[in-house]
2 protein chains.
Amino acid sequence: MANIQDVAKLAGVSISTVSRVLNGTARVNNEVKKRVEESMQTLAYQPNPAARSLRTNRSRIIGLLISDIQNPFFMRLIQGVEEEALRHEYSLILCNSNESPQREQQYLDVLYSERVAGAIIVPTREYLGEANLSKFRERNIPIVAVDRRVKDKDVDAVLVDNVRGAQEAVTHLINNGYRRIAAVTGPLTVTTGRDRLEGYRRALKDARIPHNPELERSGTFDAETGRRLTNELLQINPRIDALFLGNNLLTLGALDALHAHNLQVPIDVGLVGYDETFWSALGTLSLTTIIQPAYELGATAALRLFQHLQNPAIQSRQEVVLTPSLIIRSSSLAREPQPVKV
Amino acid sequence: MANIQDVAKLAGVSISTVSRVLNGTARVNNEVKKRVEESMQTLAYQPNPAARSLRTNRSRIIGLLISDIQNPFFMRLIQGVEEEALRHEYSLILCNSNESPQREQQYLDVLYSERVAGAIIVPTREYLGEANLSKFRERNIPIVAVDRRVKDKDVDAVLVDNVRGAQEAVTHLINNGYRRIAAVTGPLTVTTGRDRLEGYRRALKDARIPHNPELERSGTFDAETGRRLTNELLQINPRIDALFLGNNLLTLGALDALHAHNLQVPIDVGLVGYDETFWSALGTLSLTTIIQPAYELGATAALRLFQHLQNPAIQSRQEVVLTPSLIIRSSSLAREPQPVKV
DNA sequence: AAGGTAGCTGAAATTGTTTTCATGACAATC
DNA sequence: GATTGTCATGAAAACAATTTCAGCTACCTT
């Protein structure tokens, strides 16, 4: 494997000059430059990233720490990050915290000690912790939180407006005649759980529907939880007439529970889900859902990270909020529409 | 950030000794060792991976190059690799070729120049090419192909028995009274496409059902293709009575096409899919499918890779073949069972 | 003609580790 | 008592790049 010396020798220059051509850090005579470039070509020279990052204390790798690799939503997000990284000629270290703060911490340590150039994180908790942040800050490694906000100061975030999404979803149910609307949301320790519950409440409030805590359930973002909580809700009398689900996997479990109870969607129970996914419109299934721009979420976070990398001087914290949209299918359309004035 | 010198100074030894303690490459006096370890503790010392891999020409990172990050099947596979990597204290660079050989090549170059310790690849083509392989071989970077076989010599592979899976699926349809069975499979340029078609043919042959090329369609592994090819198959007279699908996304498209034609599964058309996934048993849907051990596929490939890394002397090529299994649900059970003797 | 400057280039230091080679201490062998 | 061997340790080289500093032209200014 050719190294910078070989290139220098072949081109008849010093390694400094080769380095300058490589990085464009200083002017090099055009002819010399050409000769160097030819030498790099013929030797198929590729700079050694280890030597580089040893010297510069920075790699061409960014870390992506997500919370659930099983969730299709995050696959889109990963893809967004990945494509943007490819475009900027960075590689991507993928880490999966599995919603476990311990594992998240473990991976933060890995990313730190690997000296990644930057990190994009779907946090599992409210704070990443000043201990972590100051370590990264000290080494000038930017961090961008994505999908979920953290309370730490100075952490950039790229989010979707969850309050708005949920509010829109539930308002849609109300406008279509549903009144006893229950909600199954994610953990209240993360903004995607809390904000969507908040949106649900606001929609009810705006429509002057009394708030009933019994109709609110929350738990972890998985199908089993969706099934369990939906089962609980279905025990309640009088029966709920609609269900708002806080993410795609919760929806999956809810559908299962409804089917087990022999309840038809939307005739017996209206339904609006969160996250557009493979099975949203599959066969007889036709779910009204909130679409999140998952790909854009990832791509935007990556772009923000690269802004930091290209201009380390940027200090200001930035919060980008993308807008979800409602796609109306039949799972929410069995009652007489009864728009409520707000 | 403390470096090895700081540790050495604090412990009152040379850096060589610290290195020896760190790597266990030679005996160190117990007391000295203890002192060194304490110093590492107090300084929160973490070895610099860049310096390490510069010296050893090997990183603690492995590359995973998959062909479609959107497919839930690969998510499970990724998770298998990721957990095994974590256990061995390796990080994972994730690359997504998107079934494009160009992008695959691009990423192979990235992995090579990043000096990954090893690579796990879901190939998009029949050959990785001797040019690539010899480069990796020269630097002693092991490669393991996963899910799909390549024809190159000396590439380890971890596979699922696709012929067997498909054969089992189609035999099951036959045993349950279906006779005009069509197949929609993936691209014939990859083993997961070709082998499953082969399994389909063998099942028919074993049952002495005449082979009808018109009932075989193949295309890329996505829902749109599944829909299109199923639509084509539904034009044929007399109508097919069952459908075998070559992967999860093809199944998704097929279900859509059947629904659009107002055909009921399994009454009008029996169906067996490939890959167990979120929507296999969702509401009224109840798909008989071939389950692939996706997680094990990834974990096994990673293990094989680490075998190579721990013992670079291993030369022998190994092909591990895992066994798929059939899970019977109602999508294949509307006819009178008519077992065929084989 | 002397001095200053802009533009290129090279030598050498630097980064943090692993690894080779050398050394000294001490025990075992003849 | 001389020689050999083993063990623990340190000094220094090597890895491949970036970066600082200094030097050398060639040209311009006064």
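Quick note on labels: first sequence line is chain A, next is B, and so on, each numbered from 1.
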Let me see the working for A:D222 and A:T220 under side-chain hydrogen bond (donor to acceptor under 3.5 Å, both in side chains), right down to the final yes or no. CA-CA 6 Å; A:D222 58 71; A:T220 52; 2.7 Å; yes
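Checking the phosphate oxygens (OP1, OP2) of D:dG10, a side-chain nitrogen or oxygen of B:T17 falls inside 4.0 Å. Distances shorter than 4.0 Å separate none of the side-chain N or O atoms of B:T56 from OP1 or OP2 on C:dT18. For C:dG16, one of the phosphate oxygens OP1 or OP2 lies less than 4.0 angstrom from a side-chain nitrogen or oxygen of B:N3.
With 3.5 Å as the limit, one finds no donor-acceptor pair spanning the side chains of B:Q307 and B:N311. Defined by atom type and a distance below 3.5 Å, a donor-acceptor pair is missing between the side-chain atoms of A:N23 and A:T25.
Rounding to whole angstrom units, CZ of residue B:R60 and P of C:dG16 are separated by 21 Å. Between the CZ atom of A:R35 and the P atom of C:dG10 there is a distance of 9 Å, rounded to whole Å. Regarding B:I15, its CD1 atom lies at a distance of 11 Å from the C1' atom of C:dT19, rounded to whole Å. Computed from coordinates, the A:M40 CE to D:dA16 P distance equals 17 Å when rounded to whole Å. Rounded to whole Å, atom C1' of D:dA17 lies 13 Å from atom CG of A:D6. Taking atom CZ of residue A:R55 and atom P of nucleotide C:dT17, one finds them 15 Å apart after rounding to whole Å. Distance CG (B:N23) to C1' (C:dT18): 7 Å, rounded to an integer number of Å. Distance CD (A:Q46) to C1' (D:dA16): 14 Å, rounded to an integer number of Å.
Using the six-membered ring where Trp is involved, B:Y90 and B:F306 have ring planes that are tilted, between 30° and 60° apart.
Counting only heavy atoms from C-beta on, B:L54 has its side chain closest to D:dC15 among D:dC15, C:dG10, C:dT19. Of the candidates D:dT19, C:dT19, C:dA11, D:dT19 carries the atom nearest the A:S19 side chain, counting heavy atoms from C-beta on.
Residue A:V13 is in sugar-phosphate contact alone, with no base atom involved, counting any heavy-atom pair closer than 4.0 Å across all strands shown.
Side chain A:R20 to base C:dG10: a donor-acceptor pair is found below 3.5 Å. For a distance-only test at 3.5 Å, the side chain of A:S16 qualifies as a donor-acceptor partner of the base of C:dA11.
Taking the centre and axis of the six-membered ring of A:Y295, the NZ or CZ atom of A:R76 falls outside the cone set by 45° and 6.0 Å.
Of the two residues contacting DNA chain D, namely B:G12 and B:N57, the nearest-nucleotide position lying further toward the 5' end is that of B:G12. Nearer the 5' end of DNA chain D, as judged by each residue's closest nucleotide, is the contact made by B:R27, out of A:I4 and B:R27.
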